Amino acid sequence: MKSIFNVIAGPDKDTCCILMYGEIGTYSDVSAQDVVTQIMEADNSYKNIDIRINSIGGEVAAGIAIFNAIRMAKANITIYIDCIAASTASFIAGCGRKVKMGRYARMMLHRPTGGVYGNADELKSYIEQLQQIEDILCDIYANRTGMPVNEIKEKYMDGADHWLTAQEALDLGFVDEIFDDQRKVTFEDCLTDIQRCEKYTACYITDVLHKNEIPMLERLKKLPMFSNCA
């Protein structure tokens with residue numbers, strides 16, 4: 001039921017919204033199974049899909065599954081970076097669809113990281129896998145921005161966290177457009193990135209989800225899977 005109710009009916013009958021709010025991963029707020037299911041369900045019912053991102057990142061494998069689902073969908077998809085698109089969330093935004101970024105949102109790119117326990121051969125194998133993942137991410141960013149892969153690797157895969165403002169992301173080609181967020185959420189300087197995500201999410205739920213609850217329920221009643229439900 002969670003995956004169904006995250007598809008939010010829009011003001012136009014051909015438009016819906018899918019939220020990617022939270023950490024990305026198998027056992028996290030945003031799981032690949034849930035999001036891919038939501039995209040496939042929405043793709044069968046709507047011509048236009050808005051995907052809104054507010055995430056500090058998470059598992060690369062889950063992110064790649066979501067990335068591919070967005071690329072393969074037939075619907076006209078627009079991605080909105082509402083607050084934060086960090087790490088895994090940042091390369092999902094490089095899926096080839098139109099990307100709009102909130103004026104005060106931020107994007108973060110860095111080298112993939114992980115941990116492993118084992119013998120020397122297992123450690124060597126894990127390092128090789130990490131390098132493969134890094135090459136994949138560099139290719140995604142390069143295709144999105146038009147920058148050479150080597151330049152992406154030198155600038156963003158140096159072990160540091162690289163935070164971009166909306167204007168910087170636009171100038172570099174990571175996004176297509178900047179939008180003004182009407183919610184105007186303010187953040188205290190002491191907040192962590194996770195706390196910023198959570199505060200924005202709480203504001204979004206108050207301002208948007210509750211206002212869309214009735215039209216969303218009416219739309220759900222028309223789905224075949226609910227045809228025999230009271």
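Below, each value reflects all heavy atoms present in this structure, side chains not excepted, and no hydrogens, waters or symmetry copies. Since the structure is predicted, the reported quantities are computational estimates derived from the model, not experimental observations.
In terms of modelled atom types and a separation under 3.5 Å, the side chain of Asp43 and the main chain of Ile39 share no donor-acceptor contact. Side-chain atoms of Thr88 come within 3.5 Å of backbone N or O of Gly58 as a donor-acceptor pair. A donor-acceptor pair is defined here as one N or O able to donate and one able to accept, closer than 3.5 Å; no such pair exists between the side chain of Arg52 and the backbone of Ile79. With hydrogens and angles ignored, the 3.5 Å screen pairs no side-chain donor or acceptor of Ser90 with any backbone N or O of Ala86.
Smallest separation of non-hydrogen atoms from Ile81 and Ala105: O-CB, 3.6 Å. Of all non-hydrogen atoms in Ala42 and Ile18, the two that sit nearest each other are CB-CD1, 4.1 Å. The minimum heavy-atom distance between Ile92 and Gly63, with the atom names listed, is CG1-O, 3.7 Å.
Under a 4.0 Å N-O distance rule, the pair Lys100/Asp180 does not qualify as a salt bridge. Electrostatic pairing of Asp176 and Lys98 does not count as a salt bridge here, judged by no charged N lying under 4.0 Å from a carboxylate O. Taking a cutoff of 4.0 Å between a charged side-chain nitrogen and a carboxylate oxygen, Lys153 and Asp135 qualify as a salt bridge.
The structure places OH of Tyr104 at 10.0 Å from CD1 of Ile178, a figure rounded to the nearest 0.5 Å. One finds the OG atom of Ser55 at 12.0 Å from the CG atom of Asp82 (value rounded to the nearest 0.5 Å).
Note: Tyr141 and Tyr156 fail the aromatic proximity criterion, with ring centroids not under 6.0 Å apart.
Leu109 is not listed as a side-chain neighbour of Phe91, based on a closest heavy-atom distance of 4.5 Å or more. Inter-residue side-chain proximity for Thr78 and Asn48 is flagged as unmet; no heavy-atom pair is nearer than 4.5 Å. A 4.5 Å side-chain heavy-atom check between Asp50 and Tyr80 finds at least one atom pair inside the cut-off.
Remark: the Asn150 side chain and the Glu154 side chain contain no N/O donor-acceptor pair separated by less than 3.5 Å.
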